[in-house]
Number of protein chains: 2
Amino acid sequence: MNDVARHAGVGLKTVSRVVNGEPRVSPAMLKKVLTAIEELGFRPHEGARVLRRGRTACVGLVLGDVADPFYSVLTRAVERTARANGHLLFTASSEEDPEQERQLVQALCAGRVDGVIIVPTGGDHSYLAPDVAAGISVVFVDRPVQGIDADVVLSANVDGARQGVAHLIQQGHRRIGYLGDAEKIFTAVEREQGYRRALADAGLPYDPALVARGRADPEFVHAGLQRMLDGPEPATAVFTGNNRTTVAVLRELAARGDRRTALVGFDDFELADLLEPGVTVVAQDAAVLGRSAADLLFQRLGGDRSQAHTIEIPTRLIPRGSGEIPPATA
Amino acid sequence: MNDVARHAGVGLKTVSRVVNGEPRVSPAMLKKVLTAIEELGFRPHEGARVLRRGRTACVGLVLGDVADPFYSVLTRAVERTARANGHLLFTASSEEDPEQERQLVQALCAGRVDGVIIVPTGGDHSYLAPDVAAGISVVFVDRPVQGIDADVVLSANVDGARQGVAHLIQQGHRRIGYLGDAEKIFTAVEREQGYRRALADAGLPYDPALVARGRADPEFVHAGLQRMLDGPEPATAVFTGNNRTTVAVLRELAARGDRRTALVGFDDFELADLLEPGVTVVAQDAAVLGRSAADLLFQRLGGDRSQAHTIEIPTRLIPRGSGEIPPATA
DNA sequence: ATAGGCGCTGATAACGTTGTCGGCGTGAAC
DNA sequence: GTTCACGCCGACAACGTTATCAGCGCCTAT
């Protein structure tokens with residue numbers, strides 16, 4: 001910038017004014033500076049600007065996995081909102097590891113971003129206190145969090161799951177299996193809760209033998225389904241707690257040649273409607289989740305100091321057929 | 001940091017040394033500084049560090065749409081590699097708009113990142129020259145670029161498409177339609193080229209009536225398929241130039257109740273194997289594409305000044321059934 | 001015993017930008 | 001004719017860090 005000032009024969013501050021589009025610059029000066037900038041190929045140094053102004057015009061997003069369709073849609077929504085507010089977006093995947101999440105969040109907070117949106121992996125987030133005190137805004141999405149008071153945006157997990165399982169019960173199923181994420185993941189606990197509530201509402205017993213919790217990999221799903229479907233009192237329907245698990249179950253059912261077991265999944269996914277039968281799901285709106293979280297964040301960045309909000313986004317049951325397979329007449 | 005130094009009763013530079021883990025610090029000093037940092041809840045200011053050191057430890061990625069599975073897998077691979085090299089990742093979606101891409105890239109270059117990976121939307125990228133001159137490394141992926149000499153990582157588009165169409169021809173198809181992206185998108189041109197080459201190799205005529213180019217939205221696909229399938233000499237098979245188009249075509253075929261038209265798509269997608277029939281695809285390896293691009297970028301950041309490389313990642317035909325539907329015996 | 005080397009520390013000057021403030025014209029008002 | 005106001009400009013300090021360099025002990029080799 002110094003070079004530009006010299007080259008244009010003006011003061012340093014005048015260049016700064018031009019670069020920032022400040023109003024009180026005479027046309028003559030403006031022209032001189034502009035051509036000097038052009039000739040030297042000058043680009044303002046964002047780092048220095050950040051140092052001086054204290055704001056980065058960047059926000060961060062930390063989630064489990066960008067390649068998970070649910071999160072990639074959420075990411076997209078956050079990015080859109082960020083851009084609409086003149087901010088750039090950092091994205092980072094925690095791979096569901098609390099320690100990695102912590103490192104990423106701290107790296108982001110270290111002067112790189114004005115605010116962060118986090119899909120927390122669980123555990124205590126009180127380590128964020130210094131950063132919040134330092135003026136960084138934090139919003140949690142998809143899962144709530146302990147150890148810190150902050151805005152949270154959630155799906156209606158319990159009720160959504162309850163609704164999905166109720167749909168199966170309504171179709172005549174009495175033995176309904178549940179496969180979902182490990183217990184350390186909040187949404188898994190909530191959705192299993194919804195599963196139990198639906199059973200209780202219908203006066204059906206809760207059978208731990210029909211419940212499997214773990215990562216959505218083929219081995220886990222294979223073992224889980226085997227246990228539920230090949231026992232003496234097999235399940236006639238399965239409720240899955242997330243996207244990844246639903247797909248893994250579909251694959252496993254196909255591998256077993258099983259077309260009789262009914263299925264309802266939490267979270268919609270692409271092509272669910274084109275499979276045969278179409279997969280009935282409890283859809284959560286990832287875009288709305290992301291947008292709401294981002295909106296909250298920018299409200300905070302805009303100076304909103306009100307009490308922490310918790311927003312719950314409703315889910316929607318989309319019947320497509322896979323839930324309507326009647327139980328085998330025993 | 002000044003506060004920490006005062007609080008610990010040591011010099012400023014000593015605190016700096018501790019923060020940076022430099023070796024020549026006595027244990028006594030180390031302890032004092034560490035407790036002072038703890039007590040004050042001090043976090044080093046990344047912006048200032050950037051200003052001083054000239055490196056940001058961040059890289060940028062600009063692509064069409066993070067929510068497109070192909071790009072989200074690519075993103076994931078880039079992110080992994082970036083983290084392995086101690087860098088954070090900025091992601092931004094250009095929405096296939098050259099002007100928006102340009103703005104994003106420039107925003108990233110303005111002191112925020114050490115290097116950028118770009119899925120170019122086309123057009124001239126010579127505007128990057130000043131940034132490159134300023135030491136920012138640039139790698140292009142998925143599509144090549146004009147106006148600048150830089151590393152490029154591509155899929156084997158022409159040959160992949162040729163192979164996919166050849167598969168249809170081998171199954172007995174003689175009238176094969178093509179649906180793909182608009183001409184401004186490089187990969188679309190390449191893949192259409194592969195389509196034509198396969199036809200030529202088999203001595204089949206090229207019929208413009210069987211070609212449709214445009215965005216993968218339902219209206220476009222509806223119109224395109226209608227034209228190809230409802231004419232006097234209908235196509236018996238369709239080759240689609242990308243992921244999004246393939247899915248849209250599947251949806252349209254389902255809506256038409258059409259189970260006879262064969263289909264091969266460029267680019268694999270989740271659940272392609274579970275549809276009935278399974279969708280035959282020419283798979284490109286998004287993860288390898290992303291990783292290769294990131295590897296190249298970090299080589300450059302590591303000081304590699306050799307001539308620009310162009311890497312082509314081979315594709316793989318995955319037959320799953322949809323390509324093997326025989327043409328209706330006319 | 002003394003010089004030289006080495007390990008550790010701290011003062012100081014950058015990095016590139018923006019905010020503050022004072023200065024210098026020019027025009028208007030008394 | 002003087003004063004005041006106002007629009008425009010530039011010198012200077014400051015943001016929080018790191019690199020450079022000089023200083024200060026202590027140990028070793030002569």
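Each chain gets a letter, A, B and so on, in the order its sequence line appears, and its residues count up from 1. It should be emphasised that the depicted structure is a prediction, and the values quoted were computed from it without experimental measurement.
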Side-chain donor-acceptor pairs of residues 44-54 of chain A under 3.5 Å, sequence neighbours excluded:
unit_1 : atom_1 : unit_2 : atom_2 : d
H45(A) : ND1    : G47(A) : N      : 3.0
H45(A) : ND1    : A48(A) : N      : 3.1

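Between L296(B) and R300(B), the closest side-chain pair of non-hydrogen atoms is not below 4.5 Å. Residues V66(A) and T91(A) have side chains in contact (heavy-atom distance under 4.5 Å, counting atoms from C-beta outward). Residues T14(B) and V33(B) meet the side-chain proximity criterion, which asks for heavy atoms closer than 4.5 Å.
Residue-environment remark: CD (Q146(B)) stays at or below the threshold of 12 foreign heavy atoms within 6.0 Å.
Distance CG (N2(B)) to P (dG10(C)): 13 Å, rounded to an integer number of Å. We find that CD of E46(B) is positioned 12 Å from C1' of dT18(D), with the value rounded to whole Å. Here the C1' atom of nucleotide dT18(D) and the CG atom of L51(A) are 12 Å apart, to the nearest Å. In this structure, the CG atom of L12(B) is 9 Å from the P atom of dT18(D), given to the nearest Å. When the C1' atom of dA11(D) is taken as reference, atom CE of M1(A) falls 13 Å away, rounded to whole Å.
The salt bridge (Lys or Arg N to Asp or Glu O under 4.0 Å) search around R6(B) returns D3(B), not counting sequence neighbours. Residues passing the salt bridge (Lys or Arg N to Asp or Glu O under 4.0 Å) test with E95(B) are R76(A), R80(A), R83(A), sequence neighbours excluded.
Heavy-atom minimum distance, T121(B) versus S94(B): CG2-OG, 3.5 Å.
Heavy-atom distances under 4.0 Å link DNA chain C to no residue of residues 25-40 of chain A. Taken residue by residue, residues 103-116 of chain A places no heavy atom nearer than 4.0 Å to DNA chain D.
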| Candidate pair S155(B) and Q284(B), rule side chain to side chain donor-acceptor pair (under 3.5 Å), full reasoning | CA-CA 7 Å; S155(B) 269; Q284(B) 47 182 346; 2.6 Å; yes

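When each of dG10(D), dG16(D), dT17(C) is scored by its nearest atom to the side-chain atoms of H45(A), the top-ranked nucleotide is dT17(C).
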Got a list of protein N/O to nucleotides 19-22 of chain D N/O distances below 3.5 Å?
unit_1  : atom_1 : unit_2 : atom_2 : d
dA19(D) : O4'    : R52(B) : NH2    : 3.4
dA19(D) : N7     : K13(B) : NZ     : 3.2

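Ion pair E96(A)/R143(A) flagged as a salt bridge, since at least one NZ, NE, NH1 or NH2 atom sits closer than 4.0 Å to an Asp/Glu carboxylate oxygen.
Atom CZ of residue F90(A) and atom CG of residue L88(B) lie 6.0 Å apart, to the nearest 0.5 angstrom.
Contacts of R43(B) with the nucleic acid, taken as non-hydrogen atoms under 4.0 Å apart, involve only primed sugar atoms and P, OP1 or OP2. Using a 4.0 Å heavy-atom cutoff across all strands shown, V10(B) reaches sugar-phosphate atoms only and no base atom.
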